[in-house]
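All values below were derived from every heavy atom in this structure, side-chain atoms included, with hydrogens, water molecules and symmetry-related copies excluded. Per chain, numbering begins at 1; letters A, B, ... match sequence-line order.
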Amino acid sequence: MEHHLVLRVIAKFIIPMILLFAFYVQFHGDYGPGGGFQAGVIFAAGFILHALIFGLDHTRKVLPPVVLRVTGALGLLLYLGTGLAGILLGGNYLDYNVFAADPISGQHLGILLIEMGVGITVASVMLSLFYIFAQP
Amino acid sequence: METLINIILLTFLAIIAIAITRIRHLLVTVVLTGMFSLLSASLLVSMDAVDVAFTEAAVGAGISTLLFLSVLALTSTEELAGNRKFSSIAFILVSITGAILIYGTLDIPKFGDPSAPVHHHIAERFIYESPDEIGVPNMVTSVLASYRGYDTLGETTVILTAGIGVLLLLGRGKQDKETD
């Protein structure tokens, strides 16, 4: 798709918006529909569009597959670590009440952290899958 | 009005499902699968399950269709002509199973029935207590991330494990040589 000028220009406009929307879905999941799963998929979709328009090699330079393998594991580790932090702070596993003096702020912080872990893992795994299937 | 929309959506779903089983061209089948997901998402929106609809639209209609298309780029887009002749044993077996399933739905409470058991088990507690305990306006998030944190942890683990499995099966060779 090297010489499709219209597609390239439109994609340059749309990709940042897709990524921004992914962050909106990620961090607005407490207030509206959305959350880590959907945000991760939308984030991956932005990069897949980039790969379709500008070529897989360019996208692999922006986000190398090795990085995705690390971030995929890191997302789950963030989730597991949030659970362990609950134990270390004197609560149960995945008990967010102990994260702050006020249980509600603790719950908000815990939900934010684990949703972030879910989002990072989902985005990394989806992009890794796409990289493998899109290999020429 | 809502019933009419539901009937139309379900009719389309049935038509698309039949078309998917009949059509040999895999590219068309993949596009129809995406449409099936999108229509299911619309159906979920009309049932006020916007979170599930969002996931269905993003995962089912979006990424899955794309991954199927990239797989088709690696293989052929035409299904091999297999044995397609009518089998009466299979037809009887499928009809009996279908009849049993329909018989099973007769006992299910009506959609939106307030006296259904599912609304009286633990859902009541979530609905009344979560604004005080979690304080998150979207109750789906508070159930998914806090009350049911273990389930979501399991789901995330499943996604990572599935990704690792595909990487192990297909990701060796060319990709490793290029990146390492």
Side-chain angles (χ1 to χ4, degrees), chain A residues 25 28-42 44-45 48 52 57 60 64-66 68-69 72-73 75-76 79-80 82-83 86 93-97 102-105 107-108 110-115 117-118 121-122 124-136, chain B residues 45 49-60 62-64 66-74 130-138 140-142 144-150 152-164 166-167 169-176 178-180:
Chain A
V25 171
H28 207 258
D30 299 5
Y31 301 95
F37 285 99
Q38 297 94 326
V41 171
I42 294 169
I48 289 173
L52 290 177
D57 292 333
R60 286 176 55 142
V66 180
L68 289 179
R69 288 178 214 174
L76 187 60
Y79 202 136
L80 292 165
T82 311
Y93 191 72
L94 286 174
D95 180 3
Y96 316 136
N97 282 346
D102 172 22
I104 292 201
S105 328
Q107 287 285 346
H108 280 232
I111 290 175
L112 190 80
L113 285 173
I114 67 130
E115 289 275 18
V118 172
T121 297
V122 170
S124 311
V125 170
M126 290 302 158
L127 259 183
S128 302
L129 291 184
F130 176 74
Y131 277 174
I132 286 181
F133 288 131
Q135 279 295 305
Chain B
V45 169
V50 275
D51 277 89
V52 191
F54 198 171
T55 317
E56 180 65 42
V59 179
I63 286 280
S64 307
L66 230 151
L67 288 179
F68 275 133
L69 287 177
S70 2
V71 171
L72 282 191
L74 297 176
S130 84
D132 298 327
E133 283 182 345
I134 316 285
V136 166
N138 184 3
V140 177
T141 300
S142 60
L144 181 133
S146 189
Y147 291 116
R148 291 273 183 264
Y150 278 103
T152 312
L153 176 60
E155 284 162 21
T156 316
T157 316
V158 166
I159 289 176
L160 184 67
T161 319
I164 291 172
V166 176
L167 278 169
L169 285 171
L170 301 174
R172 307 193 77 91
K174 205 170 180 180
Q175 191 167 15
D176 277 327
E178 276 173 29
T179 50
D180 294 340

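For chain B, the nearby parts of A/Tyr31 are the backbone and the side chain; heavy atoms of each come within less than 4.5 Å. B/Val140 does not touch chain A: none of its heavy atoms, backbone or side chain, sits under 4.5 Å away. Of the atoms belonging to A/Ile42, it is side-chain heavy atoms, and not backbone ones, that fall under 4.5 Å from chain B.
Counting all heavy atoms, side chain and backbone alike, A/Ile104 lies closest to B/Pro131 at CD1-O, 4.3 Å. In terms of heavy-atom proximity, B/Leu67 sits nearest to A/Phe133 at CD2-CD1, 3.9 Å. The two residues A/Gln107 and B/Glu133 make their nearest non-hydrogen contact at CG-O, 3.7 Å. What you find for A/Val41 and B/Ala58 is that their closest heavy atoms are CG1-O, 3.5 Å.
Distance CG/A/Leu80 to OG1/B/Thr157: 6.5 Å, rounded to 0.5 Å. Rounded to the nearest 0.5 Å, atoms OG1 (B/Thr156) and CD (A/Glu115) are 9.0 Å apart. For the atom pair B/Ser70 OG and A/Ile132 CD1, the distance stands at 11.5 Å (nearest 0.5 Å). B/Leu170 contributes atom CG, which lies 12.0 Å from atom OG of A/Ser128 (distance to the nearest 0.5 angstrom). In this structure, the separation between CZ on A/Phe37 and CG on B/Leu144 is 6.5 Å, given to the nearest 0.5 Å. With rounding to the nearest 0.5 Å, the separation of CG in A/Leu129 from CD1 in B/Ile63 is 9.0 Å.
Around CZ of B/Phe68, the count of heavy atoms belonging to other residues, nucleotides or ligands within 6.0 Å does not exceed 12.
The shortest distance between side-chain heavy atoms of A/Val122 and B/Val59 does not fall below 4.5 Å.
For the set B/Thr152, B/Val50, B/Ile164, the count of heavy-atom pairs under 4.5 angstrom toward chain A peaks at B/Thr152. Taking chain A as the reference chain and counting heavy-atom pairs below 4.5 Å, the highest number among B/Leu66, B/Leu69, B/Thr55, B/Val52 is found for B/Thr55.
Checking side-chain atoms of B/Thr141 against main-chain N and O of A/Gly29 turns up a donor-acceptor pair under 3.5 Å. When atom types are taken as modelled, the side chain of B/Asn138 and the backbone of A/Gly32 share a donor-acceptor pair closer than 3.5 angstrom.
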* To do: Assess whether side chain to side chain contact (heavy atoms under 4.5 Å, CB included) is satisfied between A/Tyr79 and B/Leu160, documenting all intermediate values.
  => CA-CA 12 Å; A/Tyr79 202 136; B/Leu160 184 67; over 6 Å; no
